[in-house]
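Just so it is clear, the values below take in all heavy atoms, side chains as well, and ignore hydrogens, waters and symmetry mates. Remember, predicted model here, so these are calculated numbers, not experimental data. Below, chain A is the first sequence line, B the second, and so on; all start at residue 1.
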Amino acid sequence: MPNYWLVKSEPSAYSWDDLVRDQVAEWDGVRNYTARNFMRDEMRVDDLVLFYHSASKPPAVVGVAKVARAGYPDYTAWDAASDHPDPKSTPEKPIWWMVDIAPLHPLPRPVSLEEVKRTPELSEMALVRQGRLSVQPVTEAEFKTVLSMGGAGSGEEFAFRIPSGRTGQ
DNA sequence: GCCAACGTTGGC
DNA sequence: GCCAACGTTGGC
């Protein structure tokens, strides 16, 4: 049984198309303890992930991805030349963690934040209640509702017909 | 350990 | 570009 998640990305920084091009992405640079804890402690290989475009017009869930590698230290933190260095993090004592994400399928229709907010079954989503959390858990019911709204049917055949081939590592 | 100042996210 | 929400830092 997979768990369900939502990750945000600004498409100007890293978009769904970038993920499709790369096939696997190291989800580095997350510098928030709540999000870090989810990645370090709870995200497992093959967990399903809603891929959300923030700061876009409109902000929307645009695709479904999966966790391709469970949590491991975010080595970009101790690389002074990286985009998100943190001198307090070291290889011996990492502070920040990341996972790898791989694309599964775009949503036939993106599901905008505005639609999510209008949908009573989705009113408890962290996306609505805690707008700034960039890695957040999603319930199975919420996941299926979003897929359905995105034109992916009930989600069953869509979500679970997963290409289980190699994706990095 | 409190809390004010500050920085960042992200919708609008 | 503005600004509200909120997480983090640092002085005390």
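The shortest distance between side-chain heavy atoms of A:Val116 and A:Met125 falls below 4.5 Å. Considering only heavy atoms from C-beta on, A:Asn3 stays 4.5 Å or farther from A:Pro137 through its side chain. No side-chain heavy atom of A:Arg69 sits less than 4.5 Å from a side-chain heavy atom of A:Met98. Between A:Phe143 and A:Val64 the shortest side-chain heavy-atom distance falls below 4.5 Å. In this structure, A:Gln136 and A:Gln130 have side chains that are not in contact, with every pair of non-hydrogen atoms separated by 4.5 Å or more.
Aromatic ring orientation, A:Trp27 versus A:Tyr14: perpendicular (interplanar angle above 60°, classes split at 30° and 60°).
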Please list, for nucleotides 3-7 of chain C, all pairs of protein and nucleotide N/O atoms separated by less than 3.5 Å.
from  : atom 1 : to       : atom 2 : distance (Å)
C:dA5 : N3     : A:Arg132 : NH1    : 3.0
C:dC6 : O4'    : A:Arg132 : NH1    : 3.0
C:dC6 : O2     : A:Arg132 : NH1    : 2.3
C:dG7 : OP1    : A:Gln130 : NE2    : 3.3

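A:Thr76 and A:Asp79 share no donor-acceptor pair across their side chains, judged by distance under 3.5 Å alone. For the residue pair A:Asp28 / A:Tyr75, no side-chain donor-acceptor distance below 3.5 Å is found, with atom types taken as modelled.
Against DNA chain B, the stretch residues 76-92 of chain A makes no heavy-atom approach under 4.0 Å. Using a 4.0 Å cut-off on heavy atoms, the residues of residues 111-124 of chain A that approach DNA chain B are A:Leu113, A:Lys117, listed by number.
Side-chain N/O atoms of A:Lys8 include one lying less than 4.0 angstrom from OP1 or OP2 on B:dG10. For B:dT9, neither phosphate oxygen OP1 nor OP2 lies less than 4.0 angstrom from any side-chain nitrogen or oxygen of A:Tyr52.
One interatomic measurement links the two molecules: CD of A:Gln136 to C1' of B:dT9, which rounds to 13 Å at whole-angstrom precision.
When ring centroids are compared, A:Tyr52 and A:Trp16 stay outside the 6.0 Å threshold.
Here the side chain of A:Asn32 pairs a donor or acceptor atom with the backbone of A:Ala35 at under 3.5 angstrom.
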